[in-house]
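Take a look at the structure set out below.
Small disclaimer: the values here were computed from a predicted structure and weren't measured.
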Amino acid sequence: MDKCVIVSDSFKGTLSSREICQIARQAIGQVFPGCSVRTIPAADGGEGTVDSFVEALGARRVSCTASGPYGEPITAEYAVFGDTAVIEMAATAGLPLVGSRRDPTRTTTYGVGEMLLHAVRREGCRHLLLGLGGSCTTDGGCGCAAALGVKFLDAEGRSFVPTGGSLSRIAAICTDGLDSAFSQADLIAMCDVSIPLCGPNGSAAVFAPQKGASVAQVRLLDEGLQNLSERIRKGLHKEVENLAGAGAGGGMGAGCAAFFGAELRSGTEAILDAAGFSDSLIDTDLVITGEGRVDGQSFRGKLLSSVLRRTQKAGVPVVILAGGIGEGAEAAYECGVIAMAAVNRAGLPAAQLAGRAAEDYRNTILDVLRLIRRGEQLAEREAERKQ
């Protein structure tokens with residue numbers, strides 16, 4: 001084997017995608033010392049997205065001061081490569097930042113807008129990739145928009161910065177003051193959540209409880225998102241409520257599309273494109289990929305579906321290493337996958353895997369690589385016999 005590409009999602013709670021790529025690189029070097037290895041740690045737009053770009057593209061990290069979930073100043077970090085910035089909304093509006101103070105009626109995405117502004121003004125970025133995962137907010141992206149110059153007016157014409165609990169106060173939206181430097185950049189919002197903005201299957205109903213919302217607060221938040229959708233429809237003449245990804249990031253997907261004209265894309269697709277994954281398949285002998293659990297759902301918009309669509313087109317064989325393998329995983333064999341292996345070698349519950357996950361992954365990939373190497377040796381011996 002002369003060339004191998006590793007592109008893996010994390011095994012949540014046990015191994016990060018970056019750790020997986022590091023282990024895989026070392027294992028390949030051990031069994032195939034001369035093999036060229038390309039690693040692409042994958043993410044879906046949530047936590048770890050910046051790390052993925054730093055690892056895959058050698059992007060540099062940039063720090064800035066921005067507002068946290070409750071308006072407090074914090075230091076946030078994003079990545080820059082060329083004239084492109086990669087920003088996680090979780091850097092200033094992430095759930096870990098609030099600890100036990102979870103209240104999506106009060107938290108804001110204002111700091112996200114400040115990060116975007118920093119990227120275009122201080123770094124001169126003209127292409128922006130914004131990850132919408134892991135938020136503690138349900139403000140429809142209004143805080144972010146306000147930081148970038150969008151004005152929200154109440155019934156008396158007074159300007160204010162809406163949070164989730166005050167979305168119902170919005171009577172009008174004015175985008176005339178949108179920052180000129182930002183308006184010249186293009187924005188892609190990365191999200192792998194396709195829920196609508198509001199309603200029984202919307203952002204508040206599905207995600208606000210885990211952000212600390214009570215039953216009454218979920219109702220308040222959903223009513224606010226419905227009002228926001230109506231104001232966007234009437235004032236900005238845009239229909240965003242049912243866009244795929246509208247409900248991502250506490251409605252941030254809808255806000256990005258409505259206020260900034262952003263494109264909503266799969267986070268994994270955006271990362272694979274930016275990393276040049278399809279081009280890296282040229283002359284590649286094998287792709288090794290995986291995620292925490294592979295089953296029938298894995299081929300419906302997740303990383304595996306994106307990877308396999310591209311490898312199948314390029315005719316490159318694939319091996320899947322996953323934490324576990326469930327019902328429906330056999331569909332992978334129709335997409336160019338030559339083998340699958342579960343990394344959970346002892347069959348332990350997920351809660352007991354953290355301490356041994358790295359070693360289990362290392363041993364599993366070494367087993368797979370040794371089999372491939374043995375196959376090559378047998379093929380070489382057969383070729384020599386026929387000469």
Side-chain angles (χ1 to χ4, degrees), residues 5-10 12 16-17 40-53 55-57 59 78-79 81 84-90 112 127-135 141 186-197 201-203 206-207 240-258 260-281 287 289-314 318 320 322 331-332 335-336:
V5 176
I6 312 297
V7 52
S8 181
D9 206 341
S10 64
K12 283 184 172 58
S16 70
S17 55
I40 304 176
D44 58 7
E47 187 177 357
T49 299
V50 165
D51 287 341
S52 292
F53 279 91
E55 177 78 15
L57 298 175
Y78 61 95
F81 62 101
T84 299
V86 183
I87 295 171
E88 298 174 15
M89 71 174 295
V112 182
H127 304 286
L128 305 168
L129 298 175
L130 176 62
L132 302 188
S135 79
D186 59 80
L187 174 65
I188 293 177
M190 300 183 290
C191 49
D192 280 350
V193 173
S194 59
I195 62 172
L197 179 61
N201 298 310
S203 184
V206 175
F207 291 115
V240 296
E241 183 174 330
N242 295 308
L243 281 177
M252 185 79 161
C256 286
F260 316 135
E263 177 186 357
L264 305 186
R265 291 198 60 195
S266 158
T268 54
E269 290 286 354
I271 288 174
L272 292 177
D273 283 346
F277 175 69
S278 295
D279 291 338
S280 72
L281 295 177
V287 168
T289 188
E291 57 186 38
R293 178 179 173 81
V294 176
D295 55 29
Q297 298 295 319
S298 300
F299 311 106
R300 300 176 185 174
K302 292 188 177 183
L303 173 69
L304 284 182
S305 62
S306 299
V307 169
L308 294 181
R309 184 173 63 254
R310 298 176 189 226
T311 54
Q312 191 171 24
K313 182 178 180 180
V318 177
I320 295 175
C335 305

*Go through Arg265 and Asp273 one step at a time and tell me if the side chain to side chain contact (heavy atoms under 4.5 Å, CB included) criterion holds.*
CA-CA 11 Å; Arg265 291 198 60 195; Asp273 283 346; 2.9 Å; yes
*asked:* Could you walk me through whether Ser298 and Glu291 satisfy the side chain to side chain contact (heavy atoms under 4.5 Å, CB included) test, starting with their C-alpha distance in whole Å, then the side-chain angles of each, then the deciding distance to 0.1 Å, before giving a yes or no?
replied: CA-CA 9 Å; Ser298 300; Glu291 57 186 38; 2.8 Å; yes
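Of the possible donor and acceptor atoms, none in the side chain of Ser306 sits under 3.5 Å from a partner among the backbone N and O of Glu269. Without hydrogens or angle criteria, Ser203 side chain to Gly247 main chain gives a donor-acceptor distance under 3.5 Å. Thr289 contributes a side-chain N or O that, together with a main-chain N or O of Val7, makes up a donor-acceptor pair within less than 3.5 Å.
Put simply, the side chain of Asn201 does not reach to within 4.5 Å of the side chain of Ile195, judged on heavy atoms.
Within the model, atoms CG of Leu129 and CD of Glu263 stand 10.0 Å from one another, a figure rounded to the nearest 0.5 Å. Considering CE of Met190 and CG of Leu132, their distance stands at 8.0 Å, rounded to 0.5 Å. Expressed to the nearest 0.5 Å, how far CD1 of Ile271 lies from OG of Ser17 amounts to 8.5 Å. Here the OG1-CE distance, from Thr49 to Met89, works out to 12.0 Å after rounding to the nearest 0.5 Å. The distance from the OG1 atom of Thr311 to the CZ atom of Phe277 is 6.0 Å, given to the nearest 0.5 Å.
In plain terms, the two heavy atoms of Leu264 and Ala246 that are nearest each other are CD1-N, 4.1 Å. The shortest non-hydrogen separation linking Ala248 to Cys191 is CB-CB, 3.6 Å. Here the closest non-hydrogen pair linking Ile320 and Gly290 is CG2-CA, 4.3 Å. Minimum heavy-atom separation, Pro196 to Asn242: CB-OD1, 3.7 Å. The minimum heavy-atom distance linking Leu130 with Glu88 is given by the pair CD1-C, 4.5 Å. In terms of heavy atoms, Val294 sits closest to Ala322 at CG2-CB, 3.4 Å.
The residues Asp9 and Arg293 are annotated as not salt-bridged, no charged nitrogen and carboxylate oxygen being separated by less than 4.0 angstrom.
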